Amino acid sequence: MDLRAYLSERAVLVDRRLDAEVPPADAEPAALHGAMRHLLFPGGKRVRPAFALAACEAVGSPPDRALPLAAALELVHTYSLVHDDLPCMDDDALRRGRPTVHVVYGEALAVLAGDALLALAFEVLAREGEPGSADARLAALAELAAAAGSLALVGGQAADLAFASSDPAAVERVHERKTAALFAAATAGGARLGGAPAALVLRLRRFGLGVGVAFQIADDLLDQGSDEGCSLVRVLGADRARLRAEQLLAGALAEIEDLGERAEPLRELARFAAARET
Ligand code: GRG
């Protein structure tokens, strides 16, 4: 299967939905809406949404049942990048080759744009009339909120700020929170919205967690400067870090081994995430 083509096909769906959800750049306050849109369009790989759609498909439902979750995941991811780039965090002037939101709109609007993207994520997922049972949507929403919170994304970022350990297990625990929790919310939520029973949702959750850690290891392997701070490349070296990513991928794939042909896009996405080149 051509994963690049698959990802861009799915990105069209997700982009259309995001464009409909975020107020236009000329809606007042125009600078705020411009700032919200700046990093959203053009977007990145839209990997987390693709995992949600593919998980929904893997459990036997049309992927677009997970479209509100897919959009919500990208909104949370984008908020986290906007805030991560701020001078008080990583202080980055460029992302995806373009000036970061605070460089273009100023720091105050970048903080506010991040806040508004996060709030919008939950609005999109909670809105009545979306596909999926109310119970499944509520559970997916709760899982996404937890994945964004102090025991996951934000907590992982806080732990990363002061990280000094050389224990590989401690590094992975930060990766689980900062990166993998959103992947787990994508795959478990996609399965829930696709009507999967609880035991299968749990397997998709473990799948997402393993793939998310492997994704972060691959990200650190790609980033030449990543052999410092909270990185398995620093504590294990590149070769052993790569082996660990392969091990995590194998464990994740074992969770969905019995799902047949309809889970093939999900498997391909996992292979891509664990051995990325971009
Ligand atoms: C500041 C609230 C807050 C959170 C920061 C997401 C995050 C936590 C930090 C961003 C920096 C980083 C290395 C995060 C780990 C996750 C990761 C590899 C992000 C990049 O994700 P991609 O490759 O990005 O999916 P694109 O550009 O494709 O959207």
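Counting starts at 1 for both ligands and their atoms, in listed order. Small disclaimer: the values here were computed from a predicted structure and weren't measured.
- At least one heavy atom of Thr179 sits less than 4.0 Å from an atom of ligand 1.
- Using a 4.0 Å cut-off between heavy atoms, Leu153 contacts ligand 1 through its side chain alone, with no backbone atom that close.
- Ligand-side atoms of ligand 1 in range of Tyr79: 2 (C), range being under 4.0 angstrom from any heavy atom.
- Of the listed options Asp219, Asp223, Leu81, Val82, Asp219 places a heavy atom closest to atom 13 (C) of ligand 1.
- Between Thr100 and Leu94 the shortest side-chain heavy-atom distance does not fall below 4.5 Å.
- Under the 4.0 Å criterion applied to side-chain N and carboxylate O atoms, Glu57 and Arg10 are assigned as salt-bridge partners.
- Side-chain contact between Arg48 and Val76 is absent, with no heavy atoms from C-beta onward closer than 4.5 Å.
- Looking at Gly156, Ser80, Gly212, Cys230 and measuring to atom 3 (C) of ligand 1, the nearest heavy atom belongs to Ser80.
- Heavy-atom contacts of Gly44 reach the following atoms of ligand 1: 26 (P), 27 (O), 28 (O), 29 (O) (cutoff under 4.0 Å).
- Looking at ligand 1, you won't find any N or O of Gln216 less than 3.5 Å from one of its N or O atoms.
- For the residues His83, Lys45, Gln157, Arg48, the heavy atom positioned nearest atom 17 (C) of ligand 1 is part of Arg48.
- Contact check on Glu74 versus Arg17 returns no salt bridge, with no Lys/Arg side-chain nitrogen under 4.0 Å from an Asp/Glu carboxylate oxygen.
- Glu176 and Arg173 are not joined by a salt bridge, as no carboxylate oxygen comes within less than 4.0 angstrom of a charged side-chain nitrogen.
- Classification of the His38-Tyr105 ring pair by plane angle, with boundaries at 30° and 60°, yields perpendicular.
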